S.K.: 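Here it is, the structure, as structure tokens.
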Amino acid sequence: MARFRSEFLRILDERGFIYQCTDPEGLDELFLRERVTAYVGYDCTADSLHVGHLLTIMMLRWLQRTGHRPVALVGGGTTKVGDPSGKDETRRLLSEEEIERNKRGILESLSRFLDFSEGGALLVDNATWLDELRYIPFLREYGRHLTVNRMLGFESVRQRLEREQPLTFLEFNYMVMQAYDFLELARRHGCRLQMGGSDQWGNIVCGIELAHKKDRIRLFGLTCPLLTTASGAKMGKTVKGAVWLDPQKLSPFEYWQFWRNTEDADVGRFLRLFTELPLAEIARLERLEGAEINEAKKVLAFEATRLAHGEAAARRAAEAARALFEGGGGDVAAVPVLEVSRSELVRGIPVVELFTRAGLTRSNGEARRLIRGGGARLDGLRIGDERLLLRPEHFDGRSEIQLSAGRKRHARVRVVEG
RNA sequence: GGAGGGGUGGCCGAGCGGUUAAAGGCACCAGACUGUAAAUCUGGCGGCGUCAGCCUACGCAGGUUCGAAUCCUGCCCCCUCCA
């Protein structure tokens, strides 16, 4: 497969990152010729990124590893407008402070994967230029280069119109804003390539066309496939919601577990996309069959966790999993802990409440149902009574007990004096 | 501006005065089977509650009624057709 000659594109191609590319040959040449600056845009609506963002993060990472310059753009400007695509309930507008906090969170998530130190990756906020825009001058200068005819042809727009779903002028302008972002990055930072999910294709192309008409510069676009699991579900959900990259929001142990529970059919693909193992090694792992494929899943979990949370955390997660799932007392240090005071324990703590406090269930009612359904365990023994109170005798001299919701989700409860 | 249709739980979508915490599907959780997989089958799936109950919910605000998601009034939003 001599499709690409440049290292970056070859890697992306071999690993399955490429869905569409505006001009593969031209881009390949560009990568052979110079140090390329490329960007990916991230929404600013949450304070952390999640696995749904991981594909593009990995692309930026490979970009940096192969000697080029990644730019992460956060949508501080566009977030102020509020994304209207979420149908009813006009979305709550975020305050400046919230946006600021979210930006910091996003940077923190990204910092695990990219080197933002001097001369490395760049973080930019489109508020920097979008805030300054004035309507009439903008329309006169840029609006004349964008035809509605052209924009109506884009898949995202066409689909809406065909299904007779409303498409507001505001949404329509998102494409324009993003097109302008690309141009602005090209001017400010010499950015030549925008990458994103396949749903971003129209927006990316729009930016390329704008830049060509306005500044006579040639930009490139590349999208990655929309990721679903082999059984067709969207990736990256757990009871707790999204699979966050921020360890505060989802512990490394739970992150490890997420990857460990990958479906058989996805293992090879995920290893290529979400780890940096050599392809030969992945091919070997992929060939494992039956129960042996679990080895491959552990490698996937370890490597993915290592990237997001560091090697030490990945080791602890792996060890805790060994202790929990394969018997033989390993170290369960990575399993999330809930602390309770001795005085509270002496009074007796409703076990349903503990499940909720430990984050294993979302409400006491859910914990009750879990117990009724036979999925709740205390130190491995099924809890039969939903009214059970946790008391000092359950600890039997130890400082910790273990709660489990189903086979896979565990938490420790530790007594502290007081 | 005019006429009609509509806003139901995370999503889709029934219900159109009581027996409706609201059919059905998807998603999700648990149990069984396994390999911490998939498929399948079973159960669950608003909150609080030591279980007797209480509270909140069908766009928003009022009203009619013993009783409202269901009827009435006003408001907000969406869709279709006409101008």
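Owing to the predicted nature of the structure, the values given are computational and were not obtained by experimental measurement. Lettering of chains follows the sequences in order, A, B, ..., and the numbering in each one begins at 1.
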S.K.: Can you see if the side chain of Arg362(A) gets near the phosphate of C48(B) - specifically, an N or O under 4.0 Å from OP1 or OP2?
M.R.: no

S.K.: Determine whether the aromatic ring centres of Trp259(A) and Phe274(A) lie less than 6.0 Å apart.
M.R.: yes

S.K.: Consider only side-chain N and O atoms of Arg377(A) and Ser404(A), and report whether a donor and an acceptor are under 3.5 Å apart.
M.R.: no

S.K.: Looking for any heavy atom pair under 4.0 Å, which part of the strands does Arg260(A) touch: base, sugar-phosphate only, or nothing?
M.R.: base

S.K.: Would you please enumerate the stems RNA chain B participates in, each stem being three or more consecutive Watson-Crick or G-U wobble pairs with both distances under 3.5 Å?
M.R.: B:1-7 with B:76-82, B:10-12 with B:24-26, B:28-32 with B:40-44, B:46-48 with B:53-55, B:59-63 with B:71-75

S.K.: Where the side chain of Arg369(A) is concerned, which of C51(B), A37(B), G47(B) is the nearest nucleotide?
M.R.: G47(B)

S.K.: Aromatic contact between Phe253(A) and His309(A), with the criterion being ring centroids under 6.0 Å apart: yes or no?
M.R.: no

S.K.: Round to a whole Å and report the spacing from OH of Tyr255(A) to P of U36(B).
M.R.: 22 Å

S.K.: Using the C1' atom in both, what is the distance from G17(B) to C71(B), to the nearest Å?
M.R.: 7 Å

S.K.: Would you tell me if any nitrogen or oxygen in the side chain of Ser363(A) comes within less than 4.0 Å of OP1 or OP2 on C48(B)?
M.R.: yes

S.K.: Can you check the Asp264(A) CG to A38(B) P distance for me, whole Å?
M.R.: 8 Å

S.K.: Should Lys297(A) be listed as having a side-chain N or O under 4.0 Å from OP1 or OP2 of A38(B)?
M.R.: no

S.K.: Mind checking Thr361(A) for me? I need base, sugar-phosphate or nothing, with any heavy atom below 4.0 Å counting as a touch.
M.R.: nothing

S.K.: With rounding to the closest Å, how many angstrom separate the P atoms on A37(B) and C51(B)?
M.R.: 37 Å

S.K.: Determine the Euclidean distance between corresponding P atoms of C45(B) and C29(B); express it in Å to zero decimal places.
M.R.: 16 Å

S.K.: Roughly how many Å is it from CD in Glu326(A) to C1' in U36(B), rounded to a whole number?
M.R.: 9 Å

S.K.: Could you please name the option among U36(B), A37(B), G49(B) that lies closest to any side-chain atom of Glu263(A)?
M.R.: A37(B)

S.K.: Consider only side-chain N and O atoms of Ser111(A) and Glu108(A), and report whether a donor and an acceptor are under 3.5 Å apart.
M.R.: no

S.K.: Mind calculating the distance between CG (Leu389(A)) and P (G49(B)) to the nearest angstrom?
M.R.: 12 Å

S.K.: Below 4.0 angstrom, N of the basic side chain to O of the carboxylate: do Arg65(A) and Glu276(A) qualify?
M.R.: yes

S.K.: Charged N to carboxylate O under 4.0 angstrom, Arg409(A) versus Glu254(A)?
M.R.: no

S.K.: Would you mind classifying the nucleic acid contact of Glu292(A) as base, sugar-phosphate or nothing, using non-hydrogen atoms under 4.0 angstrom?
M.R.: nothing

S.K.: Between G74(B) and G4(B), how many Å separate the two P atoms, rounded to a whole number?
M.R.: 14 Å

S.K.: Checking contacts here: which listed nucleotide (A37(B), G49(B), A30(B)) is nearest the side-chain heavy atoms of Leu370(A)?
M.R.: A30(B)

S.K.: Would you classify Arg382(A) as touching base, sugar-phosphate or nothing, given that sugar-phosphate means primed atoms plus P, OP1 and OP2, and contacts are heavy atoms under 4.0 Å?
M.R.: sugar-phosphate

S.K.: Reckon Ala321(A) touches a base, only the sugar-phosphate, or nothing at all at heavy-atom distances under 4.0 Å?
M.R.: base

S.K.: What pairs meet the salt bridge (Lys or Arg N to Asp or Glu O under 4.0 Å) rule with one or both residues in residues 305-314 of chain A, with sequence neighbours excluded?
M.R.: Glu303(A)-Arg306(A), Glu311(A)-Arg315(A)

S.K.: Starting at atom CZ of Arg409(A), determine the distance to atom P of C29(B), rounded to an integer number of angstrom.
M.R.: 7 Å

S.K.: Work out how far the C1' atom of C12(B) is from that of C28(B), and round it to whole angstrom.
M.R.: 15 Å

S.K.: Ignoring hydrogens and angles, are the base of C51(B) and the side chain of Glu386(A) linked by a donor-acceptor pair under 3.5 Å?
M.R.: yes

S.K.: Ion pair present between Glu326(A) and Lys298(A), side-chain N to carboxylate O less than 4.0 angstrom?
M.R.: yes

S.K.: Write down the distance separating the P atoms in C75(B) and A3(B), rounded off to the nearest Å.
M.R.: 14 Å

S.K.: Within a reach of under 6.0 Å around CZ of Phe395(A), are more than 12 heavy atoms found that belong to other residues, nucleotides or ligands?
M.R.: yes

S.K.: Nearest-Å distance, CZ (Arg407(A)) to P (U36(B))?
M.R.: 9 Å

S.K.: Tell me whether the side-chain N/O atoms of Arg368(A) come closer than 4.0 Å to OP1 or OP2 in G44(B).
M.R.: no

S.K.: For A57(B) versus A69(B), give the span between their P atoms, rounded off to a whole number of Å.
M.R.: 10 Å

S.K.: Between G13(B) and G6(B), how far apart are the two P atoms, rounded to whole Å?
M.R.: 14 Å

S.K.: 5'-most contact on RNA chain B: Gly365(A) or Thr262(A), nearest heavy atom basis?
M.R.: Thr262(A)

S.K.: Would you please classify the geometry between the Phe31(A) ring and the Phe8(A) ring as parallel, tilted or perpendicular, with 30° and 60° separating the classes?
M.R.: tilted

S.K.: What integer distance in Å separates Asn364(A):CG from C45(B):P?
M.R.: 16 Å

S.K.: In whole Å, I'd like the distance from the CD1 atom of Ile293(A) to the C1' atom of U34(B).
M.R.: 15 Å

S.K.: Gly375(A) or Asn261(A): which one's nearest nucleotide on RNA chain B is closer to the 5' end?
M.R.: Gly375(A)

